[in-house]
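Working notes, beginning with the structure itself.
Keep in mind it's a predicted model, so treat the numbers as computed, not measured. Order of the sequence lines sets the chain letters (A, B, ...), proteins ahead of strands, with each chain counted from 1.
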Number of protein chains: 2
Amino acid sequence: MTLHDNDLKRSAGFMMGTAYRKISALFQSKLKEYDITTEQWSVLYQVDQSEGLIQKEIAERSGKDRPATTRILDQLEQKGLVGKRVGEHDRRSFKVYITDKGRELVQRTAPIERQLNADLRQCLSEEEYDVLLELLYRMYRHASDIAERD
Amino acid sequence: MTLHDNDLKRSAGFMMGTAYRKISALFQSKLKEYDITTEQWSVLYQVDQSEGLIQKEIAERSGKDRPATTRILDQLEQKGLVGKRVGEHDRRSFKVYITDKGRELVQRTAPIERQLNADLRQCLSEEEYDVLLELLYRMYRHASDIAERD
DNA sequence: ATAATATAATTGTTTACACAACTAATTAAT
DNA sequence: ATTAATTAGTTGTGTAAACAATTATATTAT
């Protein structure tokens with residue numbers, strides 16, 4: 001990915017993938033000693049933020065499909081970081097809760113994530129960062145609309 | 001990913017991943033009948049653009065690491081879309097070339113990619129699209145710098 | 001010239017993704 | 001009330017990612 005590049009670099013989707021992979025790998029390297037992956041982290045964090053969500057909701061909020069969510073939750077459960085309770089009103093679903101161990105891990109790692117985000121933002125102004133988020137969100141919504149349409 | 005969301009949506013890395021996955025899946029659905037994945041497509045396209053590159057260069061330009069590139073090229077080779085020739089001056093490396101079949105596939109699918117990109121851009125102005133690319137590229141460079149540093 | 005170092009590519013392992021097919025529970029339709 | 005349709009979650013399969021370790025060739029340092 002140097003500057004003598006071609007059309008691919010002019011594609012937003014391609015650039016998102018490239019930048020995402022780099023950032024994700026960077027975050028992963030900071031999580032090395034915590035025995036958790038970035039994707040697991042984002043799900044765990046989500047569960048901590050709003051406890052009692054069912055898997056479907058977790059999937060939506062963490063931008064993953066349901067199979068991926070199932071399997072990530074399985075791993076978090078194996079590690080003793082989250083647990084499931086069958087839904088009271090709907091026995092198809094499971095409410096997911098975080099364990100003490102999970103909460104402790106979030107408390108120790110959330111600062112790392114915040115610091116990384118702060119470091120990453122250094123290359124942009126406050127306003128640019130907001131613009132970036134806004135444009136990414138619009139692209140995401142628009143892509144979802146197109147996908148539903150056809 | 002609805003609007004009642006939390007902090008994760010305020011993280012550029014997270015939003016890039018989410019939007020990237022959606023866009024990639026959309027592109028994949030358009031490629032259904034061509035027996036090629038989006039990642040394979042980007043590598044094939046790259047090879048078509050500048051023939052005779054060695055794998056290391058292809059990896060750099062398509063934003064993948066070398067193992068990923070090796071394996072994607074393997075699949076493209078199995079499908080008869082690309083071939084390798086041992087480097088004349090350096091017998092560790094391989095120059096990769098596109099086959100007639102590969103070239104034909106690019107010709108048939110490149111318009112699909114262009115159309116999708118055009119459709120995706122509809123939600124942004126010309127200027128916004130350029131800004132998005134610019135900001136993504138800066139974030140990518142900055143993340144790379146941080147990664148090298150520590 | 002030989003040994004040490006670096007580089008290009010590959011292989012192994014674990015994780016995650018997309019998609020399709022499936023099970024079990026719930027809701028709607030007749 | 002029974003059947004049909006829908007929904008929550010899971011499982012299977014193929015592809016791709018990151019990282020570490022390995023092989024083979026090139027480069028450098030002594």
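No donor-acceptor contact under 3.5 Å links the side chain of B:Arg71 to the base of D:dG14.
The aromatic rings of A:Tyr45 and A:Trp41 sit parallel, their planes meeting at an angle under 30°, below the 60° perpendicular limit.
Cluster membership check: A:Leu120 shares its hydrophobic cluster with B:Tyr137, using side-chain heavy-atom separations under 4.5 Å among Ile, Leu, Val, Met, Phe, Trp and Tyr. Under the 4.5 Å side-chain heavy-atom criterion for ILVMFWY residues, no single connected hydrophobic cluster contains both A:Phe94 and A:Leu44.
Atom CG in B:Asp74 sits about 12 Å away from atom P in C:dG12, given to the nearest Å. Between A:Leu73 atom CG and D:dT11 atom C1' the separation is 15 Å, expressed in whole Å. Straight-line distance from the CZ atom of A:Arg85 to the P atom of D:dG9: 15 Å, rounded to whole Å. If you measure from atom CD of B:Gln55 to atom C1' of D:dT25, you get 15 Å, rounded to the nearest angstrom. Rounded to whole Å, atom C1' of C:dT7 lies 8 Å from atom NZ of B:Lys56. One atom, NZ of B:Lys64, and another, C1' of D:dA18, lie 13 Å apart when rounded to the nearest Å. Look at CG on B:Asp65: it is 8 Å from C1' on D:dC19, rounded to the nearest Å. Atom NZ of B:Lys22 is separated from atom C1' of C:dC19 by 13 Å (rounded to the nearest Å).
Checking C:dT10, D:dG9, D:dA17 against every side-chain atom of B:Ile72, the shortest atom distance belongs to D:dA17. Taking only side-chain atoms of A:Ile54, from C-beta outward, the nucleotide of C:dT10, D:dA8, D:dA18 with the closest atom is D:dA8.
Electrostatic pairing of B:Lys95 and B:Glu51 does not count as a salt bridge here, judged by no charged N lying under 4.0 Å from a carboxylate O. B:Asp119 has no carboxylate O lying under 4.0 Å from a charged side-chain N of B:Arg114, or vice versa, which leaves the two without a salt bridge. Using a 4.0 Å cut-off between a side-chain N of Lys or Arg and a carboxylate O of Asp or Glu, B:Glu57 and B:Arg61 do not qualify as a salt bridge. The pair B:Asp130-A:Arg10 counts as a salt bridge, with a side-chain nitrogen and a carboxylate oxygen less than 4.0 angstrom apart. Salt bridge present: B:Asp74 and B:Lys84 bring a charged side-chain N and a carboxylate O closer than 4.0 Å. Look at A:Lys64 and A:Glu39 and you find a salt bridge, because one of the NZ, NE, NH1 or NH2 atoms lies within 4.0 Å of a carboxylate O, short of that distance. Taking the charged nitrogens against the carboxylate oxygens, B:Glu128 and A:Arg138 do have a contact shorter than 4.0 Å, which makes a salt bridge.
Looking only at atom types and distance, the side chain of B:Lys30 has no donor-acceptor partner in the side chain of B:Gln115 under 3.5 Å away.
For the pair A:Arg85 and A:Tyr97, the cation-pi test (distance below 6.0 Å, angle within 45°) is passed.
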I'd like a list of close polar pairs between nucleotides 21-29 of chain C and the protein, N/O only, cut-off under 3.5 Å.
| unit_1 | atom_1 | unit_2 | atom_2 | d |
| --- | --- | --- | --- | --- |
| C:dT26 | OP1 | A:Arg91 | N | 2.9 |

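Listed by residue number, A:Thr37, A:Glu39, A:Gln40 are the residues of residues 26-42 of chain A with a heavy-atom contact under 4.0 Å to DNA chain C. For the segment residues 75-84 of chain B, the set of residues with a heavy atom within less than 4.0 Å of an atom of DNA chain C comprises B:Lys84, in numerical order.
Remark: A:Arg66 is not in phosphate contact with D:dG9, judged by side-chain N or O atoms under 4.0 Å from OP1 or OP2. For B:Thr70 and C:dA9, the shortest distance from a side-chain N or O to OP1 or OP2 is not below 4.0 Å.
With DNA chain D read from its 5' end, the first of the two nearest nucleotides for A:Arg21 and A:Lys95 is the one closest to A:Lys95.
Across all strands, B:Ser93 comes closer than 4.0 Å only to sugar-phosphate atoms, never to a base (heavy-atom distances).
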